[in-house]
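Here is how names work: the chains are called A, B, and so on, in the same order as the sequence lines, proteins then strands, and each is numbered from 1.
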Amino acid sequence: MHHIQLKQFSLASIQHHKQTIIHLLQSPSTTTKQLKQIHAQLLQSPSSFSSFFLCNSLLFAYAASSTPTHAFSFFATQMGHLHPNNFTFQFLLKASSKSKSVFQTVQIHSMTLKLGFGSYTFLQNAVLHCYVVCGCVVDARQVFDEMPHKDVVSFNSMIHGYCNSGEMDAASRLFSQTPDPNVISWTAMVVGYSSIGDVAAARQLFDRMPDRDLVSWNAMISSYVQNRHPIEALNLFCQMQAENFTPNPVTVSSVLSACANVGALDTGKWIHVFLNKKHFRLDPFLGTALIDMYAKCGVVELALEVFGRLQERNSCTWNAMINGLATNGHAKQALDLFSKMQVDRSVRPDEVTFVGVLLACSHGGFLEEGKKHFYCTLRDYGVNPLVEHYACMVDLLGRYGLLKEAEHVIRNMTIVPDVVVWRALLGGCRLHKDVELAERVVSEMEARDSGDYVLLSNLYASIGRWDDVEKVRKIMKDQGIQKIPGCSSIVIENTIHEFISGDKSHPRYAEINEKLEELGRKMAAVGYLAETGVVFYDIDEEEKEQALGHHSEKLAIGFGLISTAAATTIRIVKNLRVCNDCHTVTKLISKIYNREIVVRDRVRFHHFKDGECSCKDYW
DNA sequence: TTAGGGTTAG
């Protein structure tokens, strides 16, 4: 319809169509392209710019468009003869805040003062907000202090400003001075505490809020998600519905991310059904969240289905899909998708994309392709290599036993290598039993955690150097380094069951143990021998077998076997890497009990079926 | 016609 109307404009009839043009400019369905066409036609009849109302409408349209900076150029070149009013400034400030332009903000701010709008609260609030989104808290504070009449919006913007660079003391002080804080003031504080990682303080404020709206619920849920408390996020999501708040697309994106982190496939599927029922538009946020949820729950097929159906994809969407394929063992497909991304002109690979691409190369064992992407493609796209990229590259070289080359890459890094990079090299040492290099790496790492000591210790154990095992054990004891306990979870009928290594606290522990003993007998019958090298310390063989038998994933799988129907896929999420023994055992379980078992470890997926694993024993 | 909430990697 708009297209037909546009065609009707002729030079002579612009005045005649002024109302139609203004209507189009104010319509939210007018696209940026149409807006530019209208502007171009108006330029052919400069007299049209004598209409102040039309000029302001054009500013309004540009401020709301995907190219807000056009508002400034239009104002500077075509509105010089007009006296700006409060609307003019309002729209220009909207454009400033969207484009986060400090320069424009300063310009408009000084004009508002010069033209006598300094005591206009509405406008100065907008100026204040612009400084806040530009990250200029000091300037924002100056505006705030110089405002003769402050209202709750002024306080809220200023609070938000302090919450943003992380100045919670200042935010809190101002919050306590706010004459009549509203739900927005409270929510801003919740978000502030969340952003500095203080979820407890955020929750405390949330509980004390006099009233809450959907945005406050969303803020608290995403606070949990972003601070890696997905279970609390899901609990709060239930509570929110119990209090009769209907989730919107924002809620759903956060909750899907929580499902992804915890591996809650059923809840994730329920949300998928819910958002279809509500006819939520699958925008890139929602689409990406869905893809990531399915991928992190180990169901790549459904992730691909969503990806294929999306109308609109941004780089996050592609990244989530590429990464999902890579971590689920579909390295080739991940790289194929990356090729498609390269020819899609609507997106551009970024640093996250290359994490996925290099991960695919490393998991798939594509040495040459990995080198090509790391040394050439990444740089072609102007991406500066991050430690994550180096870590993938070191991992890839390490797998091939090219430990010297891997070390060379680290020594020549343009940025400071962090523990993740050294740890990648350490993984290579483990695989190829290079004790000397491993010792050197551990001594050079700045922040060692228990996992690094455990790895070194296991390396000694695997070649029978029990004295050294004892030495490492003593270092850990002396320095008070605790081994991070393995923890695996499984979702059964919407309840998350967590098992810690050696844990006997589960109410059905006796049955689980019985099942594991039965398993032991069945495995012995097919010639299984426990790989006792991975047990951390030197204890006698029988004890070692006991310790191995109670690794957290075995407990979780045992529970899965007794609490789900035959042939049901068992899905486990683990906080650490899977050990060799558990890997062997899980392969056998998949064959003996005819079950598909999907284990998500700290880094990647293992899909076990018919006695084999998707990682091809290479992880 | 100004103020608070969302996705990917780590």
Side-chain angles (χ1 to χ4, degrees), chain A residues 56 59-60 63-64 85-91 93-94 97 120-130 132-133 147 150-161 163-164 178 181-192 194-195 209 212-223 225-226 228 247-258 260 280 282-293 295-296 303 310 313-324 326-327 347 350-359 386-389 391-392 418-420 602-603:
Chain A
N56 270 355
L59 280 184
F60 166 81
N85 68 1
N86 60 318
F87 289 102
T88 317
F89 287 127
Q90 208 71 54
F91 302 146
L93 286 165
K94 173 107 185 162
S97 83
Y120 192 2
T121 305
F122 211 88
L123 206 50
Q124 293 307 316
N125 278 344
V127 173
L128 169 53
H129 174 71
C130 282
V132 164
V133 297
M147 282 174 75
K150 303 177 201 13
D151 63 9
V152 67
V153 178
S154 332
F155 278 87
N156 289 350
S157 288
M158 200 60 237
I159 289 171
H160 184 215
C163 289
N164 270 349
T178 309
N182 60 14
V183 63
I184 295 180
S185 334
W186 285 87
T187 309
M189 291 298 291
V190 167
V191 174
S194 156
S195 71
M209 284 176 77
R212 307 184 190 117
D213 62 10
L214 187 56
V215 178
S216 4
W217 283 95
N218 289 348
M220 193 61 231
I221 290 172
S222 85
S223 162
V225 174
Q226 278 157 13
R228 309 245 159 230
N248 70 357
V250 177
T251 328
V252 164
S253 320
S254 287
V255 174
L256 282 172
S257 170
F280 285 174
L282 273 192
D283 67 7
F285 275 104
L286 268 188
T288 306
L290 263 180
I291 290 167
D292 186 52
M293 182 276 293
K296 289 224 174 80
L310 284 186
R313 307 172 183 136
N314 62 17
S315 54
C316 290
T317 322
W318 286 85
N319 294 348
M321 197 61 245
I322 291 173
N323 194 61
T327 48
V347 282
D350 60 17
E351 57 272 25
V352 181
T353 317
F354 283 99
V355 175
V357 167
L358 293 172
L359 210 61
L386 305 175
V387 275
E388 289 85 356
H389 303 128
C392 290
D418 70 351
V419 283
V420 181
R602 198 164 51 79
V603 186

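For A:D283 against B:dG6, a side-chain-to-base donor-acceptor contact under 3.5 Å is present. Judged by distance alone, with hydrogens and angles left aside, A:D213 brings no side-chain donor or acceptor close enough to the base of B:dG5 to form a pair under 3.5 Å. In the interface, the side chain of A:T187 is paired with the base of B:dG4 through a donor and an acceptor atom under 3.5 Å apart. For a distance-only test at 3.5 Å, the side chain of A:D350 fails to qualify as a donor-acceptor partner of the base of B:dA9. For B:dT7, its base sits under 3.5 Å from the side chain of A:T288 at one donor and acceptor pair at least. Side-chain atoms of A:N248 and base atoms of B:dG5 include a donor and an acceptor less than 3.5 Å apart.
Between B:dA3 and A:H129, a contact under 4.0 Å exists linking OP1 or OP2 to a side-chain N or O. A:H160 has no side-chain polar atom (N or O) that falls below the 4.0 Å cut-off from OP1 or OP2 of B:dA3. Residue A:S222 has a polar side-chain atom (N or O) positioned under 4.0 Å from OP1 or OP2 of B:dG6. In this model, the phosphate group of B:dT2 is not approached by any side-chain N or O of A:K150 to a distance below 4.0 Å at OP1 or OP2. Between A:N125 and B:dA3, a side-chain N or O to OP1/OP2 separation shorter than 4.0 Å is absent. Checking the phosphate oxygens (OP1, OP2) of B:dT7, a side-chain nitrogen or oxygen of A:Q226 falls inside 4.0 Å. The shortest distance between the side-chain N/O atoms of A:S97 and the OP1/OP2 oxygens of B:dT2 is not below 4.0 Å.
Residue A:K296 contributes atom NZ, which lies 10 Å from atom C1' of B:dT7 at whole-angstrom precision. The separation between A:F89 atom CZ and B:dT2 atom P is 17 Å, rounded to whole Å. Atoms CD1 (A:I184) and P (B:dG4) sit 8 Å apart, rounded to a whole Å. Taking atom CG of A:L128 as the reference point, atom P of B:dG4 lies 11 Å away to the nearest angstrom. Protein atom NZ of A:K94 is 12 Å distant from nucleotide atom C1' of B:dA3, rounded to whole Å. Atom pair A:E388:CD and B:dT8:C1' shows a separation of 13 Å (rounding to whole Å applied). Counting to the nearest Å, the C1' atom of B:dT1 and the CZ atom of A:F87 are 6 Å from each other. With rounding to whole Å, A:Q124 atom CD is found 15 Å from B:dA3 atom C1'.
Contact detail for A:L286 and A:S253: the closest heavy-atom pair is CD2-OG, 3.6 Å. Residues A:P247 and A:F280 come closest through the heavy atom pair O-CZ, 3.5 Å. Contact between A:A303 and A:A295 at its shortest, heavy atoms only, is CB-N, 4.0 Å. For A:D350 against A:S315, the heavy-atom pair with the smallest separation is OD2-OG, 3.8 Å.
A distance cut-off of 5.5 Å between ring centres, combined with a plane angle under 30°, leaves A:F285 outside any stacking arrangement with the base of B:dT7.
Listed nucleotides B:dT1, B:dG4, B:dT8 differ in distance to A:D292; the shortest reach to its side chain belongs to B:dT8. Proximity note for A:V183 (side chain, C-beta onward) versus B:dG4, B:dG6, B:dT8: the nearest is B:dG4. Nearest to the side-chain atoms of A:V191 among the listed nucleotides B:dT7, B:dG6, B:dG5 stands B:dG5. In the set B:dG5, B:dT2, B:dG4, the nucleotide with an atom closest to the side chain of A:F122 is B:dT2. Considering only side-chain atoms of A:N156, the nucleotide from B:dT1, B:dA3, B:dG10 that sits closest is B:dA3. Considering only the side chain of A:P249, B:dG6 comes nearest among B:dT1, B:dG6, B:dG4.
Between A:Y120 atom OH and A:N86 atom CG the span is 4.0 Å, to the nearest 0.5 Å.
Residue contacts for A:I221: at a heavy-atom cut-off of 4.0 Å it reaches no nucleic acid atom on any strand shown. A:V352 comes within 4.0 angstrom of a nucleotide base, judged by non-hydrogen atoms across all strands. Among the heavy atoms of the strands lying under 4.0 Å from A:F60 are primed sugar atoms or P, OP1, OP2 only; no base atom is included. Within 4.0 Å (heavy atoms only), A:V387 reaches no atom of the nucleic acid at all. Contact annotation for A:S216: base contact, defined as any heavy-atom pair under 4.0 Å involving a base atom. Residue contacts shown for A:I322 are absent, as no nucleic acid heavy atom lies under 4.0 Å away.
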Audit row: A:L310, A:I291, side-chain contact (heavy atoms from CB on, under 4.5 Å) steps and yes/no: CA-CA 10 Å; A:L310 284 186; A:I291 290 167; 4.0 Å; yes
Could you please spell out the steps behind the side-chain contact (heavy atoms from CB on, under 4.5 Å) verdict for A:M209 and A:V183? CA-CA 8 Å; A:M209 284 176 77; A:V183 63; 3.7 Å; yes
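The only option from A:L59, A:L123, A:V127 that meets the side-chain contact (heavy atoms from CB on, under 4.5 Å) definition with A:F89 turns out to be A:L123.
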